[in-house]
Amino acid sequence: MNRLTVKVAILYLFLAVINISFFTIMIFENQMELIAENTGYKANELSGKIINTILKESGDSLRNNDFKTVSESLKGMIDNFTVFDESGTVIYKTDPAFEINKENMSYGLKSISNKEFLGGQYFTSIDRKNYMVSLYYPIVTQGEKDKVILISFVIKSINASLKNIYTQIGLMIILLTVFHIAFGFILNMIIVKPVMRLRKSSMEIASGNYSTRVKIGGRDELALLGETFNNMAGYVEKTIKQLKDQNDVMKMELDVAGDVQSGIYPNIDANDSFKVAIYHNPLEVVSGDFHDVIKLGDNKTGVLIADVSGHGVPAALITMRIKDVFKRLAPASRSPKELLKRLNNEFGDLMERFSCFFTAFYLVFDDKSLVYSNAGHCRMYLLRKNTGKLEELGGDGFIVGVSTEMGSLYEDRKAEIYSGDRIILFTDGIIEAKNSKNEQYESKRLVDTILQYASSGVNELLDGVKSDLEQFRGDAEQRDDETLMIVEIN
């Protein structure tokens with residue numbers, strides 16, 4: 001029922017059936033009414049002839065109850081007749097199977113009453129359904145029960161009339177059927193076929209064939225609709241081509257931007273102070289996640305991880321700006337909280353200008369101590385080698401880029417570190433990753449996976465978390481940039 005042709009066909013078939021039925025009923029009713037009236041006239045005419053025959057040729061026979069003589073007189077006019085008295089007793093009948101019923105008795109008594117009081121010679125009953133004429137002729141006698149001659153016959157001419165009606169109805173049905181088929185074919189050619197062509201061309205455009213066009217002849221509304229469709233298809237084809245060309249240019253530019261951005265991330269080899277394993281998986285060609293490691297004085301190392309709100313080109317441009325500012329400010333900052341404050345001063349109007357901000361976690365460590373500060377970022381972890389337990393690295397500083405007045409909220413926190421301890425840094429793209437059931441990976445599963453691979457090497461630990469994350473996500477789409485850093489103290 002979803003196809004237009006089926007709907008139109010059903011509706012048209014319904015109307016055609018109603019139309020044919022209406023004409024058939026009208027013809028049948030009119031002809032039947034004429035036949036019924038004609039039947040009445042013929043019945044009265046035939047009844048008069050029969051009565052005249054009875055009176056003229058059988059008067060004495062009737063008085064003597066000689067009904068065989070009456071039967072001989074009526075031959076050629078009727079097939080059979082029956083004589084019964086007013087009590088319902090059958091005196092004579094030509095058909096041995098015939099029985100008097102209540103209707104016969106009622107009409108017989110009416111004929112007797114009509115003759116006695118009104119002088120009527122006979123009473124006629126017509127069954128229009130079966131085209132049967134019943135003639136009741138009363139015989140009134142003195143000293144005996146009155147009698148009635150019941151004569152029944154069918155007007156044979158009615159059968160011919162009925163055949164004529166059925167022939168007319170059959171021809172009318174054939175003519176109307178042919179007319180409706182022809183009209184339906186014309187309707188299909190004028191309306192349905194053009195609409196189906198439009199539908200087919202629309203589906204081709206939807207499937208990516210933007211060069212398709214529709215051909216509808218004439219100058220009616222459907223032809224104008226087809227012309228409008230072709231103009232639209234041409235505009236769509238031209239626009240798609242322009243967009244494709246622009247997309248190709250943008251893709252090339254994004255590839256260049258991705259190559260440029262990849263140069264801002266550190267390429268760190270193992271050294272005497274620490275080992276680093278990094279997993280960085282951008283959602284698009286460029287990323288809004290940033291991480292960096294910088295050598296400071298006094299055998300200290302600074303590690304920054306940041307997450308710019310959003311992703312794509314705008315976020316990537318912010319990361320490149322962070323790289324420049326971080327490289328310039330980190331060596332001159334006396335503590336992590338001071339660096340974050342100075343970053344916030346540099347990016348204090350970021351939200352106002354670009355409607356974005358970023359979170360950051362910055363730490364400075366040597367072989368004995370760790371100092372860190374948090375700017376609205378996820379809480380990181382410290383994996384102890386000697387106990388195999390995880391310690392949370394917290395802090396509640398405000399995000400960077402909203403207001404320069406928030407710089408006083410950053411704070412430094414300290415922890416002792418030992419050889420073999422590992423610092424786990426990540427962005428929220430890791431713990432907020434979702435599977436096909438819309439469930440999040442969450443911090444608890446990350447902690448369990450880290451502890452599962454705690455005794456493995458730093459690269460094996462990174463691969464273990466990465467593998468578990470991919471297994472959890474399954475066929476679900478990645479929704480954010482993902483970064484995971486593991487720093488192991490030598």
Side-chain angles (χ1 to χ4, degrees), residues 28-29 31-167 169:
F28 186 78
E29 288 292 335
Q31 292 296 322
M32 290 300 293
E33 187 66 26
L34 292 174
I35 290 174
E37 292 180 2
N38 189 43
T39 300
Y41 291 136
K42 290 188 176 182
N44 289 328
E45 180 182 355
L46 185 56
S47 298
K49 290 181 180 180
I50 292 172
I51 293 304
N52 289 333
T53 300
I54 292 174
L55 292 175
K56 180 178 179 180
E57 301 180 9
S58 306
D60 294 335
S61 298
L62 287 173
R63 286 190 291 272
N64 297 324
N65 292 333
D66 186 4
F67 298 107
K68 290 184 178 180
T69 302
V70 175
S71 176
E72 290 295 328
S73 301
L74 296 176
K75 281 183 179 180
M77 292 187 185
I78 58 174
D79 295 329
N80 59 73
F81 71 94
T82 303
V83 181
F84 61 94
D85 61 23
E86 58 184 321
S87 64
T89 302
V90 176
I91 299 171
Y92 180 85
K93 58 182 178 179
T94 57
D95 182 5
F98 181 79
E99 298 293 338
I100 298 296
N101 57 33
K102 291 182 179 181
E103 186 180 79
N104 300 142
M105 281 298 301
S106 174
Y107 289 147
L109 293 176
K110 280 185 179 181
S111 68
I112 294 172
S113 299
N114 285 343
K115 183 165 186 173
E116 288 181 341
F117 298 104
L118 302 177
Q121 291 186 344
Y122 60 90
F123 180 82
T124 305
S125 171
I126 301 174
D127 181 359
R128 295 191 177 189
K129 182 177 180 181
N130 299 308
Y131 307 103
M132 176 73 70
V133 178
S134 297
L135 175 65
Y136 295 84
Y137 179 77
I139 303 173
V140 180
T141 60
Q142 297 294 330
E144 295 183 9
K145 293 182 179 180
D146 295 333
K147 301 177 181 61
V148 178
I149 300 177
L150 170 58
I151 302 169
S152 299
F153 55 90
V154 176
I155 300 178
K156 296 181 179 180
S157 61
I158 295 177
N159 291 329
S161 299
L162 284 175
K163 290 181 180 179
N164 185 42
I165 290 177
Y166 298 144
T167 301
I169 291 175

>> Could you tell me if the side chain of Glu86 sits less than 4.5 Å from the side chain of Val148, heavy atoms only?
In response: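 No, side chains not in contact.
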
>> Counting C-beta onward and ignoring hydrogens, is there a side-chain heavy-atom pair between Val90 and Phe98 closer than 4.5 Å?
In response: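 A side-chain contact is absent here, since even the closest heavy-atom pair is not under 4.5 Å.
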
At their closest point, which heavy atom of [X] faces which heavy atom of [Y], and how far apart are they?
| X | Y | answer |
| --- | --- | --- |
| Met105 | Gly88 | SD-CA, 3.3 Å |
| Ser111 | Pro138 | O-CG, 3.4 Å |
| Ile100 | Phe84 | CD1-CD2, 3.5 Å |

[atom2] on [Y] to [atom1] on [X], rounded to 0.5 Å:
| X | Y | atom1 | atom2 | answer |
| --- | --- | --- | --- | --- |
| Thr82 | Ile151 | OG1 | CD1 | 9.5 Å |
| Ser113 | Phe123 | OG | CZ | 10.5 Å |
| Lys93 | Leu150 | NZ | CG | 12.0 Å |

> Asn114 and Tyr136: side-chain contact (heavy atoms from CB on, under 4.5 Å), yes or no, with the steps?
Replying inline: CA-CA 11 Å; Asn114 285 343; Tyr136 295 84; over 6 Å; no

